[in-house]
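Notes follow the structure.
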Amino acid sequence: LAVLMSTRYDQLKDHFNKAGQGHCLRFAEGLDATERTRLVSDLEGVDLQRMTRMAREAQQPPARRNPQELKPHPYTVQRDADHFTKWEARGLEEIAAGHVAVLLLAGGQGTRLGVSAPKGMYDIGLPSHKSLFVLEAERLLRVQTLAARHTNKESVCVPWYIMTSDATADPTREFFKEHQYFGLQPTQVAFFSQGQLPCLTLDGYIMMETKSKVSRAPDGNGGVYEALNKSGALDEMERRNIKYVHVFGVDNALVKVADPVFIGFCVEQGKECGAKVVSKGYPEEAIGLFCLRNGVPEIVEYSELDKTMAEERNEKGDLIFNAGNIANHFFTVEFLRRIAITDFDKLPYHVAKKRIPCVGDDGVTRTPTEVNGSKLELFIFDAFSLCDGLSLLMIDREEEFAPVKNKPGSPIDSPDTARALVSAFARRCICAAGGVVEGDGLCEISPLISLVGEDLQSIVHGKTFH
């Protein structure tokens with residue numbers, strides 16, 4: 001064993017020296033056998049070829065791109081569509097046939113909300129005190145019921161894949177077990193973790209957190225493609241004959257899980273990818289926009305548009321560049337596999353300069369007072385530029401978009417604003433079904449009873465709720 005470890009160490013040292021990253025082993029000679037083994041194992045997990053590319057991209061300033069190359073991406077407005085019923089039926093049929101899975105991006109902690117637990121465990125303050133995970137699970141249960149009823153099946157089961165991070169993996173699994181998977185079958189829920197990438201110094205060298213441990217950070221939601229492949233989830237999807245995957249973030253309190261209308265729309269369009277979008281509220285709203293750059297789909301930051309382009313409106317008064325990204329996507333399994341295996345290295349890295357704890361020359365780990373390094377991550381939407389076709393469905397944000405990102409009391413995207421949006425939607429559903437809601441109190445409808453007002457009339461018609 002000692003000879004084998006010595007050989008591994010020597011080979012590793014040679015590879016890292018040739019790559020210009022030999023400093024990663026500068027403390028190795030002074031480590032005991034256990035620590036040196038830990039160091040070797042950690043460094044063997046570093047892809048030096050990828051690190052070279054990452055270092056190059058981290059040191060390059062963002063390219064200045066011509067905004068005049070951008071055109072608005074076309075989209076279909078759901079509320080104006082003549083094929084709504086057709087899309088819904090097609091979606092329910094695909095779900096019932098076992099062709100659909102859902103994928104939840106749940107790697108984030110609730111740090112900005114003031115808690116350290118996974119964001120999905122957060123209670124936004126509804127009367128039921130259901131967490132985001134519970135709301136999403138119950139919506140999936142309801143969709144299964146509707147799909148079974150639509151196709152006269154006894155039952156329908158939609159696989160639910162949940163991507164966690166190192167920080168959220170164990171608490172998320174325990175939360176699901178503790179609550180008996182919220183009524184879902186344990187076998188239909190699969191967890192896998194996103195990857196991590198080494199942090200880099202400002203001049204492109206791998207950072208060491210300790211003498212024997214590389215400093216790493218989560219690789220972003222764009223790491224989902226590689227994580228699906230490495231975890232075996234992609235192979236499992238193909239064994240299950242899953243053809244389509246609905247992907248969404250954990251922090252939307254109004255998300256329609258496995259939305260039959262959206263799935264049916266995307267399947268009918270026959271494209272590899274789809275996305276739900278919302279109308280931009282005002283020209284300066286900080287939301288990514290779906291555009292075409294020289295005919296290729298791309299999401300750009302609002303700041304990339306010049307003022308004239310950002311404020312331009314059509315004859316209806318809508319902004320020309322109007323399709324806001326809400327991280328709610330549709331992919332074919334075939335596309336996911338192609339990105340994961342063939343085209344993954346084509347995705348660009350995005351750089352964030354941070355204060356990153358690292359080991360100093362004296363062997364002590366400290367957190368600096370100033371920015372000292374870069375964390376690199378991948379974005380899931382960058383793969384859209386590699387797809388053969390992208391279909392966008394414009395939805396009403398008041399009915400489907402209630403982000404939970406900022407701490408309580410914040411004027412936007414907070415638990416308070418999300419709670420108000422969920423309550424207002426429930427109130428509208430009750431009134432549309434013939435009920436009356438009096439007072440300004442919170443209103444909530446269990447997803448197990450109704451998702452968008454279906455089946456409510458027999459329950460609320462002619463009744464008044466206080």
Side-chain angles (χ1 to χ4, degrees), residues 62-84 87 248-249 251-256 259 261-262 265-266 268-269 271 273-330 350 379-385 387 389-406 410-414 417-418 420-422 424-425 428 432 452:
R64 294 179 63 85
R65 297 183 295 179
N66 183 3
Q68 298 305 318
E69 297 173 344
L70 296 173
K71 302 294 182 185
H73 196 296
Y75 55 82
T76 299
V77 180
Q78 178 174 288
R79 76 171 106 85
D80 294 342
D82 296 328
H83 305 292
F84 184 93
W87 294 337
F248 53 92
D251 55 2
N252 179 3
L254 274 175
V255 65
K256 293 181 179 178
D259 178 17
V261 176
F262 180 49
F265 164 77
C266 292
E268 289 285 321
Q269 296 295 307
K271 306 288 180 63
C273 302
K276 288 188 178 185
V277 296
V278 296
S279 179
K280 194 175 181 183
Y282 49 93
E284 300 82 16
E285 183 180 10
I287 188 171
L289 295 170
F290 280 90
C291 299
L292 294 171
R293 187 184 295 276
N294 298 323
V296 178
E298 180 180 323
I299 291 181
V300 303
E301 296 300 323
Y302 75 101
S303 56
E304 291 187 49
L305 302 177
D306 62 39
K307 191 173 186 295
T308 301
M309 295 173 69
E311 296 179 349
E312 188 178 3
R313 296 180 182 271
N314 61 21
E315 64 279 0
K316 294 181 180 179
D318 297 325
L319 293 167
I320 297 294
F321 289 90
N322 196 35
N325 174 40
I326 60 170
N328 196 319
H329 308 314
F330 166 97
H350 299 263
F379 293 165
I380 189 171
F381 57 68
D382 281 325
F384 289 138
S385 65
C387 72
L390 171 65
S391 299
L392 302 184
L393 185 65
M394 176 75 74
I395 50 105
D396 290 330
R397 68 164 66 199
E398 294 80 8
E399 296 189 1
E400 296 195 43
F401 189 46
V404 185
K405 297 182 181 296
N406 301 320
S410 299
I412 58 172
D413 297 350
S414 70
T417 57
L421 286 166
V422 173
F425 178 64
R428 289 195 299 272
V452 293

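Looking only at distances, a side-chain donor or acceptor of K280 sits under 3.5 Å from a matching main-chain atom of P283. Remark: side-chain polar atoms of T417 are paired, donor with acceptor, to backbone N or O of S414 under 3.5 angstrom. Distance alone, capped at 3.5 Å, places no donor-acceptor pair between the D396 side chain and the E398 backbone.
The shortest distance between side-chain heavy atoms of D306 and Q68 falls below 4.5 Å. Counting only heavy atoms from C-beta outward, the side chains of K271 and L390 never approach each other to under 4.5 Å. Using a 4.5 Å heavy-atom threshold, the side chains of F330 and L393 count as separate. The side-chain heavy atoms of P297 and L292, taken from C-beta on, include a pair separated by under 4.5 Å. Counting only heavy atoms from C-beta outward, the side chains of M394 and N322 approach each other to under 4.5 Å.
Side-chain contact of E400 with N252: a donor-acceptor pair under 3.5 Å is absent, judged by distance alone.
For the residue pair C387 and C273, the shortest heavy atom distance occurs at CB-SG, 3.6 Å. Between D413 and P403, the shortest heavy-atom contact is OD1-CG, 3.1 Å. Between Q269 and S391, the closest heavy-atom pair is CB-OG, 3.2 Å. Between C291 and V300, the closest heavy-atom pair is SG-CG2, 3.6 Å. Across every non-hydrogen atom of I299 and F290, the tightest pair is CD1-CZ, 3.5 Å. The nearest pair of heavy atoms linking A323 to L392 is CB-CD1, 4.2 Å.
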Side chain to side chain contact (heavy atoms under 4.5 Å, CB included) between R397 and K276, worked out: CA-CA 10 Å; R397 68 164 66 199; K276 288 188 178 185; over 6 Å; no

message: Show, in sequence, the C-alpha distance, side-chain angles and deciding distance for D259 and I395, and conclude whether the side chain to side chain contact (heavy atoms under 4.5 Å, CB included) test is met.
response: CA-CA 12 Å; D259 178 17; I395 50 105; 5.9 Å; no

- request: Given side chain to side chain contact (heavy atoms under 4.5 Å, CB included), test I412 with N406 step by step and report yes or no.
  value: CA-CA 7 Å; I412 58 172; N406 301 320; 4.1 Å; yes

- request: Take L289 and L70 through the side chain to side chain contact (heavy atoms under 4.5 Å, CB included) test and state the conclusion after the steps.
  value: CA-CA 11 Å; L289 295 170; L70 296 173; over 6 Å; no

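Listed by first and then second residue, the salt bridge (Lys or Arg N to Asp or Glu O under 4.0 Å) pairs that reach into residues 287-305 are R65-E298, R65-E304, E69-R293, R293-E298, R293-E304, sequence neighbours excluded.
Between the CD atom of E285 and the OG atom of S279 there is a distance of 8.5 Å, given to the nearest 0.5 Å. Atom CD1 of I326 is separated from atom CZ of F248 by 11.5 Å, given to the nearest 0.5 angstrom. Note: K405 NZ to S410 OG = 13.0 Å, rounded to the nearest 0.5 Å. Of the inter-residue distances, the one linking M309 atom CE with K71 atom NZ reads 7.5 Å to the nearest 0.5 angstrom. Taking CZ of R79 as the reference point, atom CD of E399 lies at 9.0 Å (rounded to 0.5 Å).
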Run the side-chain donor-acceptor check on residues 314-321: report pairs under 3.5 Å with partners two or more places apart or on a different chain.
from, atom 1, to, atom 2, distance (Å)
N314, OD1, K316, N, 2.9
N314, OD1, G317, N, 3.0
N314, OD1, D318, N, 2.9

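Using cut-offs of 30° and 60° on the angle between ring planes, the pair F262 and F265 is parallel.
Under the rule for a ring pair (Phe, Tyr, Trp, His ring centres under 6.0 Å), the partners of F379 that lie at least two apart in sequence or sit in another chain are H350, F381.
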